[in-house]
Amino acid sequence: MTATALQQPADFQRDLLAWYHANRRQLPWREEPSLYRTVVSEFMLQQTQIKTALPYFHRWMEALPDFAALAAADEATVLKLWEGLGYYSRARNLQRLARAYVALPEPPTTPDAWRALPGIGPYTSAAITSIALGYPAACVDGNVVRILARLTADGTSYRDSATAAKAYTPLAESVLNRDEPGDHNQAMMELGATVCHRRSPLCTICPVRKHCAACAAGAPEEFPKLEPKKIERIAITRAWCERDGALLLHRASAKSRRLANLHELPDASTLGLPTAAVVAAPVLAVKKRGITRYAITETIVRLDAPATVDANAELVWVPRDQLDDVTLSGPHRKWITALLANT
DNA sequence: AATACGGGGCG
DNA sequence: CGCCCAGTATT
């Protein structure tokens, strides 16, 4: 069984938009909109909730107010502004986008043209062109999938969110209000974020309840059906090495697939020490974190760095009083700060 | 500790 | 299409 069209799309659009106009949250990129602010906000809101992104957005706009400033900035400045938001390739892609954008003869106007820029996929191209340019493209993010699955009580099981988004795109396009695509898209996502929650949705106050098959059936939480993702457990031993008031950090190369140009405590297994020395090292902390499909346990141990680390270009000694100048992953920033305060 | 939220890149 | 990116906040 697959999702079917809505019975009264025009009524749905009207009810949704009326609710949005009365209930939209005041957000900086809505109150003072621009193409650049839309682009930056959409990058920050990939994988990140609004509340988390807000302080970063303000700081970013102050430092890099337009495409030209972003294009001209040092990558280190960009990463530092992003520190703590995670998924750092977003920041690198955003700057790559700015550099490509300022080199264009004129701004792209269609989703396909935006899609060709770094960091822009189906969702973000629709968001930018509809919100900033009034182009009639439907956004399909997790919120929209959830709403559409419930409206149609679509019991199809999808293997992951990307597959579901693709499957719902035709329906999303058919429901789109082509006169006000930006507000329509924002209304869908706003409804998903504030009313049509994954768990315990607020059906009693839902403006489109009368269009919703899942609500009528009394089982909104059953939709959408997504297969549970399997989590892999990983254990890493991290080395805490100090020498002459400096801390040893691993700086991933610019080409690294993850954490490019970011710093973390080194993986102890890369220091060339005998396994026995690592195993016997005093444990300073045991930390757990989750990321995408991994559950990672990181054990931080105190070690004496061998002289060979000085020949490794990715290992750098950072004086304690200069740690604020480098960009660390969010968790490592927190752990290092705490461990330094402890000693 | 468990739950909730969540797009794009790349081969 | 399948796998990977190396997360924050709340309860």
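Because the structure is predicted, anything quoted here is derived from the model rather than measured. Quick note on labels: first sequence line is chain A, next is B, and so on, each numbered from 1.
Dashed line: the shortest gap from a side-chain N or O of A:Arg146 to OP1 or OP2 of B:dG6 is under 4.0 Å. The phosphate of C:dT8 has neither OP1 nor OP2 within less than 4.0 Å of any side-chain N or O from A:Tyr56. For the OP1/OP2 pair of C:dG7 and a distance below 4.0 Å, the side-chain nitrogens and oxygens of A:Arg289 include at least one atom meeting the criterion. When the side-chain nitrogen and oxygen atoms of A:Asn143 are compared with OP1 and OP2 of B:dG6, one or more of them lie within a distance under 4.0 Å.
Between the side chain of A:Glu264 and the backbone N or O of A:Leu328 there is no donor-acceptor pair closer than 3.5 Å.
One interatomic measurement links the two molecules: CD of A:Gln49 to P of B:dG7, which rounds to 10 Å at whole-angstrom precision. The separation between A:Arg199 atom CZ and B:dA4 atom P is 4 Å, rounded to whole Å. Distance A:Trp114 CH2 to B:dG9 P: 14 Å, rounded to the nearest Å. Rounding to whole angstrom units, CG of residue A:Asp160 and C1' of C:dC4 are separated by 12 Å. Distance CD (A:Glu232) to P (C:dC4): 7 Å, rounded to an integer number of Å. In this structure, the CG atom of A:Leu226 is 14 Å from the C1' atom of B:dA4, given to the nearest Å. As a whole-Å value, the separation of A:Leu85 CG from C:dC5 P is 19 Å. Between the CG atom of A:Leu54 and the P atom of B:dC5 there is a distance of 18 Å, given to the nearest Å.
Comparing A:Leu45 and A:Gly119, the nucleotide of DNA chain B nearest to each residue sits closer to the 5' end for A:Leu45. Remark on DNA chain C: of its neighbouring residues A:Ser89 and A:Thr52, the 5'-side contact belongs to A:Ser89, judged by nearest-heavy-atom nucleotide. Nearest-nucleotide positions on DNA chain B for A:Thr48 and A:Asn93 put A:Thr48 closer to the 5' end. Nucleotides of DNA chain C nearest to A:Thr163 and A:Gln47 differ in position, and the one nearer the 5' end is that of A:Thr163.
Scanning both residues, A:Ala73 and A:Val78, for their nearest heavy atoms gives CB-CG2, 4.1 Å. Shown here for A:Val175 and A:Gln13, the closest heavy-atom pair between the two residues is O-NE2, 2.8 Å. Between A:Leu191 and A:Val208, the shortest heavy-atom contact is CD2-CG2, 3.8 Å.
Looking at heavy-atom distances under 4.0 Å, A:Arg159 makes contact with sugar-phosphate atoms alone, never a base. Among the heavy atoms of the strands lying under 4.0 Å from A:Asp141 are primed sugar atoms or P, OP1, OP2 only; no base atom is included. Counting non-hydrogen atoms under 4.0 angstrom, A:Lys334 reaches nothing in the nucleic acid. When heavy atoms are screened at a 4.0 angstrom cut-off, A:Ile296 is found touching base atoms of the nucleic acid. Across all strands, A:Arg90 comes closer than 4.0 Å to no nucleic acid atom at all (heavy-atom distances). Residue A:Ser161 is out of contact with every strand shown, counting any heavy-atom pair closer than 4.0 Å. Residue A:Tyr87 is in base contact, counting any heavy-atom pair closer than 4.0 Å across all strands shown. Counting non-hydrogen atoms under 4.0 angstrom, A:Gly290 reaches a base of the nucleic acid.
Among B:dG8, C:dC1, C:dG7, the nucleotide with an atom closest to any side-chain atom of A:Lys166 is C:dC1. With B:dG8, B:dA1, C:dG7 as the candidates, the nucleotide lying closest to the side chain of A:Lys288 is B:dA1. Distance from the side chain of A:Gln46 is smallest for B:dG7 among the nucleotides C:dC4, B:dC5, B:dG7. With B:dG9, B:dG7, C:dC4 as the candidates, the nucleotide lying closest to the side chain of A:Arg115 is B:dG9.
The gap from the C1' atom of C:dT8 to that of B:dG9 amounts to 22 Å, rounded to the nearest Å. For B:dG6 and C:dC4, the P atoms lie 23 Å apart once the distance is rounded to whole Å. To the nearest whole angstrom, the two C1' atoms, one in C:dT10 and one in B:dG7, are 22 Å apart.
Between A:Arg333 and A:Thr327, the side chains place no donor N or O within less than 3.5 Å of an acceptor N or O (distance only, hydrogens not considered). There is a side-chain donor-acceptor pair under 3.5 Å between A:Tyr123 and A:Glu42.
For an aromatic pair to be called close, the ring centres must be under 6.0 Å apart, and A:Phe43 with A:Tyr56 fails this.
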